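Working notes for the structure below.
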Amino acid sequence: MRIECCHCGVRGHEEFAYLGDATVVRPAAVDPGSPIDDATRARWAQYTYVRDNPAGPHRELWQHVWGCRAWLVVTRDTRTHAILKVEPARDLALARTADEA
Amino acid sequence: MIDRTRSLAFMFDGRRYQGYPGDTLASALLANGVHLVGRSFKYHRPRGILTAGPEEPNALVELREGARREPNTRATVAELYDGLAATSQNRWPSLRFDLMAVSSLIAPVLSAGFYYKTFMWPASFWEKVYEPLIRRAAGLGRASGQSDPDAYEKAFLHCDVLVVGGGAAGLAAALAAGRAGARVVLCEEDFELGGRLLAENRTVGNRTGAGWAAYVAAELAALPEVRILKRTSVLATYDHGTYAALERVSDHLGEPPPYQPRQRLWRIIAKHCVLASGAIERPLVFGDNDRPGVMLASAVRTYLNRYAVAPGRRAVVFATCADGARTVADLARCGVSVEAVVDPRAEVPPPMKAAARAAGARLISGGAVRRALGSLRVRGVEVRTADGAIERIPCDLVCVCGGWNPSLHLASHLGARPVWSERLAAFVPASLPPGMAVAGAANGELGLGDALAAGARAGLAAAADCGRAGQSLDIPDVEPEETGVTPLWRVRASRGKSFVDLPNDVTDDDVALAGHEGFRSVEHLKRYTTLGMATDQGKTSNVNGLALMAEFTAKSIPQAGTTTFRPPYTGIAIGALAGHHRGKDFKPTRLPPSHRWAQQAGAVFVESGLWLRAQWFPRPGETDWLESVNREVGAVRTRVGICDVSTLGKIDLQGPDAAEFLDRLYVNGFKSLPAGRARYGLMLRDDGFVLDDGTVSRLGDGRYILTTTTANAARVLQHMEFCHQWLWPHLDVQFSSVSEQWAQFSVAGPRSRDVLRKVVDHQYDISNAAFPTMAAAELTVLGGLPARLFRISYSGELAYEIAIPAGYGEALWHGIMEAGSAFDIAPYGTEALGVMRIEKGHVAGNEINGQTTARDLGLGRMLSARKDYIGRVMSERPALLAPDRPTLVGLKPIDREACLRAGAHFVGAGAEPTAANDQGYMTSVAFSPTLGHWIGLGLLAAGPRRHGEHIRAWDPVRNGDVAVEVCDPIFYDPAGERLRA
Amino acid sequence: MPDPAQVSVSALDATTGHSDHGGPGAGVTASEIPGAGLATLTARKGQRGRLADAVRSAFGCDLPDRPKQVLGRGIAFVWSAPDQWLAHTPAMPAGGMEPYLRERLTTLASIVDQSHGRTLLRIGGPRSRDTLAKGVPIDLHPRAFQPGDAAVTVAAHIPVHLWQIDASPTFVFAVPRSLAQSFWHWLQASAAEYGLDLAEK
Amino acid sequence: MRYSILSLLSQAVRGNTGWKPVWREAELKPAYDVVIVGGGGHGLATAYYLAREHGITNVAVLEKGYLGSGNVGRNTTIVRSNYLLPGNIPFYEWSMKLWEGLEQDINYNAMVSQRGVLNLYHSDAQRDAYARRGNAMRMHGVDAELLDREQVRALAPNLDYDNARFPIQGGLLQRRGGTVRHDAVAWGYARAADQRGVDIVQNCEVTGIRIEAGRIVGVDTAKGFVRAGKVGLACAGNSSRVAALAGLRLPIESHVLQAFVSESVKPLVHQVITFGAGHFYISQSDKGGLVFGGDIDGYNSYAWRGNLPTVEDVCESGMALMPMIGRLRLLRSWGGLMDMSMDGSPIIDKTPVGGLYLNAGWCYGGFKATPASGWCFAHTIARDAPHALNAAFRLDRFATGHLIDEKGAGAQPNLH
Ligand SMILES: Cc1cc2nc3c(=O)[nH]c(=O)nc-3n(C[C@H](O)[C@H](O)[C@H](O)COP(=O)(O)OP(=O)(O)OC[C@H]3O[C@@H](n4cnc5c(N)ncnc54)[C@H](O)[C@@H]3O)c2cc1C
Ligand SMILES: NC(=O)c1ccc[n+]([C@@H]2O[C@H](COP(=O)([O-])OP(=O)(O)OC[C@H]3O[C@@H](n4cnc5c(N)ncnc54)[C@H](O)[C@@H]3O)[C@@H](O)[C@H]2O)c1
Ligand SMILES: Cc1cc2nc3c(=O)[nH]c(=O)nc-3n(C[C@H](O)[C@H](O)[C@H](O)COP(=O)(O)O)c2cc1C
Ligand SMILES: [Zn+2]
């Protein structure tokens, strides 16, 4: 595959490291004082282990690890490998966490 | 195209022959009257030469000798060179007389898949008797079994337009795109450009076909942005315009010239691709159609027209398509008598009639060859005439043409299925990979004129799409030709064996049997009969095979469909896919700053990851490694030693939110870490298991220096980047690896301070009071060189880690050795380092193995309750909190002489070593010269509660079974006075 | 204080002389660039704009926001990642890279000395592109890559940061110090057929 | 018809016209006691053992393509039980035992070849890790030997012992490990199940799973609706998609694993050998082809095909291990869909849906598991409870922390 890094241009996918599903939502941090209940544990287990694994468009995290080291969110069709969109993960994360900041 | 001025000597099966430059081994053998070239896979039938190209199923030989021997080499593509030596395969004792041929006698028993039905009794016989027999009988050529002496190379090639194939269509495409100024790469598998133009007796405009090809080649060669790669097969299509191509740089020579590789693998990245790979002719399925002398009509024309070789004297032409006429004409022109033209069509088209008449050949319309006669070479054919009469016609050459199959492999590698064309009675490409166009015979445009026009169109369009508009080529006119075909999938009521797949000896009966037993899908047909699975991948047999299956199962051919097309298009040497990266160059080698010194000091080195590290430094007189390592440990424990620890990952972290970032990253807190101090830290993965450990030092200017283990350096940096960019983007931190920038040496031992005093510039006070344990400072050494000093001890002694810009590393090392000579300083390697960390009960890679939690490692107390951190929630899962989880302990042999081994499993003292009694295992061991016996660390169920207990360390794979005492993992100076001294 | 230039040693064993080769003359020339100052410059959060201004006034050049190398007064900046550059001076400034840059750029960026972390190689000659193509995956053809262009990539399994400094062509490769010897070994093997000239250091 | 040398001879004289289809082309019935989704090794073995061990014969195996079109038809045929963790060893050893008696059991020659599986080590740490594994195997009564460099050389003389970047130090050998002819496993189980009355229906994709009141009622297929008392999913690389039809999300990603075969040559490689310093393993098929593979391609995919860098990586490792293969030609490459689970170990369990059972997460190692997987899945379906042998392969282990992570790679499938 050839992936277009938002910063470096098109590169062979072997320059990138794959992490996987970018759609899983990380549960909110648990306040250290309170004990961890089953519901919390279940939420984290879902986040850590369970995936949609779709056949079709898939939003996934890649890092241009042998290049600029930017993390990217790549939308890719898992049936054809066609790449539909590439976005810098950090920009998306900033938008997502604007409130936290 | 053959240069008769110079002759080349070559050998086949030990006999000497002569050929000429421009010959292939096949054409040269034919010129020398050699038609018997090999033996078949299963029945060991005599086999000759069927084709003149890469699709050759039969003429496979062992090329070259010794370590360079290449089994299964197609004689039809092997270029002749002076001194070439080839040997026939799969026969014993000789090619003409092959005892294994008896297998034909029991052929009926050896029907498709017979081996699934027998060889089952007794079970033990399979490995001992049956399988060895089958393996020896199977297989074709012999590998050399020796290391390949030649070099290979890989290279990248970027272009606008990749043209696959240098025949009429490909040349036209390259010319159109090249003239437009596009960056063009033209790959031609053959050693000459021209494709069928070299093989056919025809004209293009006012030139011969070959002449036109040469003329275009010359113009292409002159275009600056056009690159012509001959002897280069495009092997595979991959995603997003990536293609793999193999250039046979030196295969046409005895051996590669100096500094040249044998072959070069090109990874071609192309915006567009014009697939002009031509078409492959189909043989016909009739009795004993495998006899040497039965040859594709197109191949016969190639040998006549290109190589000036007559593959026989008396020919019979058995044709179902237009090429029959061309073949008859060429044969006659070259003085080969055409005994008969057998055309199954009742209504034979006029050109064929004319050709036969002109050649004075008898035309048998509506007839069919039901059998080829002869064994080591055809002697004649048995023909069934339209009225059913059987006639024998003597001949020594049978030219067969059953129509053409476009070479569409590269169009289908991404999964697209070709579609059936009734007009051509062949599959043609349908949907194409993005950026690919197909032109010429590869697209079913069989006529020369059509091929030229289609090629030019495709080349022009591709260039235009890359922003290089050009003018359309004016196509020289060529005489029109008829390209019709009336398919004949097999000759019914044949005599003898009718082969569909020659190399794997698959007959029409086998296809029928497969259908009969339920293997009706073409994929089942292939797997059950092995049709299409040999070295030629069924280039000449697949379509005949699936057509027969369609017939037997009363399906249409498109319903039957094709099998899956897979790379590579033709076989590629595995060495070429490895290129430069073999032997010592398999992976690059990382060298730490003290490497040169260590080499001169005669160190023994060990690979750790990509690094090469000094394992120990033997001294004259020392006889075994343990002696050296004990001495090195002794030196550190009693005096002082120095060890290169530059391989640790080092990360420079800055920014206002640095402390917050660290707090979330590590399980323990860092907000409270004051400047000038270091702290040990532990990181978890999201799933709660330990990721890595290391130290964090806060320097004067408020920046932090993190160290990681050598093994996890890359993974930790990646993890931090993930956290920073994806989880906590709003934190104002910046970090980058400084692993390469800083050499770092551990100076350890009671005298280490004395040594460093002489190295560190005097204005800096490194006294115990001023610079206590876990102190960190930026300072200068050796009169002004910038350095960093950390009072960190891995060995448990008074110890420091001193860092300096890597270029000064050697200087600092020498400086320390010099300053240390007064104290008899000793360099020590990874072994001694390991011994001392075990004596101190520090965990390392053997314990932090991705399967252990902080609690398992006795580090539970580090888990902060005052903050959140990565992995916290998942580390609290019930199974990970279970009190009986294997947990870190120390172990000593009861018999102090006994030796411990990592990997041994623990069982209770009296208990049997069974799965039920498995209580953990030994993670690390060392001989402790300090204690005078072996010691170990291990993970033992409920370990911490069992100190003092005696258990077994069971190690059957090394015949070990040692009684050990469970103890605290810290064997040496548990109170830690020495390092605070 | 000892002269650091004297104390500092190259990561490469032999980089001078003429390595034997197949072709006649030298198709490729290569040499190490010793003694340069290098530092990683990373903009603090939200400070990219002000950092650019500071760079402009201090060095008279614009920080590139794409993979490029720009020349300023006595310094060059090579883009290496979003909001991150490799600052490159021909010689190590007195007092070292970090003080030199921090003095001019204050706390607008995190600054990390890398002068010893990278081995700089100058690679040129008529066949340099053919040689580099044996490991460098990116397109160095003049239509695709020009003087002033830069890239971070991996060649023959070795991470490299490279930029082109003239059209002859000449490229500069920044290679991690510990891997420099392996990179050099690959370069020699790849250039052998064209002839490799190792200019004096 | 029973297969034997006699049947071969008698057929030979009849011109091989008397052979029966290896399995019937069954018509889909409206209802079955058990419907197995997936006509791969595991699905077919499950059907066979349902009939043989539990007398449940009103069973259909529904296969969306041709029988064995999935991973059973494209794997590198290695069978072994050299596992590390308690959850795995007894299961895979049971599988090995079933392999050892399989051919006589199903009267089909699957060419079970116990030629030995040799895992090489190149460092002390790797040696100790293999010792740990070998000892664990021995504790479970599984054969394992730790060899030093010279013992390895004696077994496999033409590896690179002189010029290696990562010198071979020794290896872990399981002599009972080896290879099995992949396709024959599917065909043999199909034949044996068919003879016990199981309906095998090809080209019958399951497109829906019908659930009423939390209990399975049947499946929609390309050939219409089929009522089913129980449904077992054995869809390997397609597990997530099929489970989704029942509203289930799984701890699984689908990744491509490639494999390769060389042109066939006379006997050259006599064991299964795995390289310890790179991704490469190899054996030689009885036809003579060197069958080899390496790492998965590394990203989610349903494309059934691989990429070039992985091919190069595998061949670089191959040349580093055995430079004698340099001149042999790679003949064909292909890919299959791995159901990569999050801890690298499988799942054989009930699901939250009554009467719906799951068999998945086999990663690149499920071929060797075929007999035991079928055997245990059949038990789990028949008894509505897991057998002790598959008790560890629970679906809820990720939440409870009872992971079976042989590699310690964590929740990242492409690292397993
Ligand atoms: C290249 C490669 C090499 C491997 N090497 C080894 C090895 O050496 N040793 C080893 O132990 N393992 C190996 N494996 C893994 C092993 O092949 C698999 O784990 C195992 O085959 C999976 O079980 P299965 O046979 O049932 O899967 P499959 O054969 O894939 O069976 C699943 C079936 O389900 C069908 N299906 C899917 N969805 C539906 C639907 N909706 N309706 C109907 N049917 C459906 C599929 O068509 C398929 O036929 C390898 C795998 C690959 C790809
Ligand atoms: N009249 C007929 O029935 C008939 C049938 C077939 C072909 N032809 C003739 O064939 C020619 C068609 O021209 P064309 O250019 O389409 O086909 P071609 O056969 O002339 O050229 C195809 C070329 O592609 C090369 N090639 C194939 N696969 C390759 C690969 N993977 N990598 C690199 N090179 C590869 C071949 O070596 C060959 O030189 C015309 O001369 C036409 O007259 C005629
Ligand atoms: C163990 C094994 C051996 C194989 N040997 C050959 C072979 O000798 N020739 C061949 O063409 N293909 C061989 N194949 C590959 C198959 O042709 C086919 O590519 C593979 O089963 C995947 O199917 P597909 O390519 O139709 O998707 C072999 C496959 C396996 C699993
Ligand atoms: Zn990038």
Side-chain angles (χ1 to χ4, degrees), chain B residues 151 153-159 183 225 257-261 264 267 269 579-581 585 587-593 595-596 610-611 646-647 652-657 703 730-743 780 782-786 804-811, chain C residues 1-2 4 7-11 13 20-23 34 38 40 42-47 81 83-84 96 98 102 107 109-118 130 133-141 143-144 156-158 176-183 185-186 189-190 192-195:
Chain B
E153 196 167 86
K154 295 196 239 183
F156 294 85
L157 190 49
H158 301 258
C159 64
R183 290 169 66 189
E225 295 302 342
Y259 312 107
Q260 291 292 338
R264 184 178 292 127
R267 190 194 297 186
I269 293 131
H580 174 75
H581 301 291
D585 296 318
K587 291 278 191 276
T589 304
R590 297 182 75 178
L591 301 176
H595 183 75
R596 270 197 211 94
L610 291 184
W611 290 98
S646 308
T647 61
D652 178 301
L653 176 71
Q654 307 181 32
D657 296 329
R703 80 167 69 184
H730 53 280
L731 292 187
D732 188 357
V733 293
Q734 298 77 35
F735 50 87
S736 42
S737 167
V738 287
S739 305
E740 297 282 342
Q741 165 71 10
W742 294 90
T780 63
L782 304 176
L785 296 178
I804 189 159
Y808 306 144
E810 279 187 28
Chain C
M1 147 163 191
V7 182
S8 182
V9 298
S10 165
D13 285 338
D20 69 348
H21 61 73
L38 295 172
T40 306
T42 315
R44 288 274 162 93
K45 186 158 184 273
Q47 302 296 347
D83 293 353
Q84 189 180 81
E98 291 188 8
R102 190 163 302 111
T107 58
S110 291
I111 298 159
V112 180
D113 188 353
Q114 297 284 13
S115 310
H116 292 235
R118 306 277 178 277
D130 300 309
K134 298 180 186 183
V136 177
I138 61 173
D139 189 359
L140 296 178
H141 184 282
R143 283 187 190 171
H157 299 325
I158 297 168
R177 181 185 179 92
S178 70
L179 286 158
Q181 191 62 45
S182 281
F183 181 84
H185 172 69
W186 164 80
S190 303
E193 68 174 303
Y194 309 117

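So that the names make sense, note that chain A is the first sequence line, chain B the second, and so on, each numbered from 1. The figures that follow rest on heavy atoms only: side chains count, while hydrogens, waters and symmetry mates do not. Please read all numbers here as calculations on a predicted model, not as lab measurements.
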Are Gln181(C) and Thr589(B) packed together at the side-chain level, in the sense that at least one heavy-atom pair is separated by less than 4.5 angstrom?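 No - every pair of side-chain heavy atoms lies 4.5 Å or more apart.
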Flag side-chain contact, heavy atom, 4.5 Å: Arg183(B) against Arg143(C): yes
So, His581(B) versus His157(C), ring centres under 6.0 angstrom or not?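 Here the rings of His157(C) and His581(B) have centres that are less than 6.0 Å from each other.
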For [X], is it the side chain, the backbone, both or neither that has a heavy atom under 4.5 Å from a heavy atom of chain B?
X: Ile138(C); value: backbone
X: Ala43(C); value: backbone
X: Ile111(C); value: backbone

Determine, stepwise, if the pair Asp13(C) / Arg596(B) fulfils side-chain contact (heavy atoms from CB on, under 4.5 Å). CA-CA 9 Å; Asp13(C) 285 338; Arg596(B) 270 197 211 94; 3.0 Å; yes
For the backbone of Ser178(C) and the side chain of Glu740(B), can you confirm whether one donor and one acceptor N or O come within less than 3.5 Å of each other? yes
Determine whether a donor-acceptor pair (N or O, by modelled atom type, separation under 3.5 Å) exists between the side chain of Gln114(C) and the backbone of Gln741(B). no
Per-residue contact mode, [X] against chain C (heavy atom under 4.5 angstrom):
X: Ser739(B); result: neither
X: Ser736(B); result: side chain
X: Glu810(B); result: side chain
X: Trp611(B); result: side chain

With sequence neighbours excluded, what pairs up with Asp130(C) under the salt bridge (Lys or Arg N to Asp or Glu O under 4.0 Å) test? Arg127(C)
The criterion is salt bridge (Lys or Arg N to Asp or Glu O under 4.0 Å); which residues satisfy it with Asp652(B), sequence neighbours excluded?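 Scan of Asp652(B) (salt bridge (Lys or Arg N to Asp or Glu O under 4.0 Å), adjacent residues dropped) gives Arg703(B).
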Which heavy-atom pair separates Gly135(C) from Phe156(B) by the least distance, and what is that distance? O-CE1, 3.6 Å
Heavy atoms only: give me the nearest Phe735(B)-Gln84(C) pair and the separation to one decimal. O-NE2, 4.4 Å
Chain C contacts, top residue of Leu157(B), Asp732(B), Val733(B) (heavy-atom pairs, under 4.5 Å): Asp732(B)
Only pairs of heavy atoms separated by less than 4.5 Å count here; which of Ala155(B), Pro257(B), Ala811(B), Pro588(B) has the most with chain C? Pro588(B)
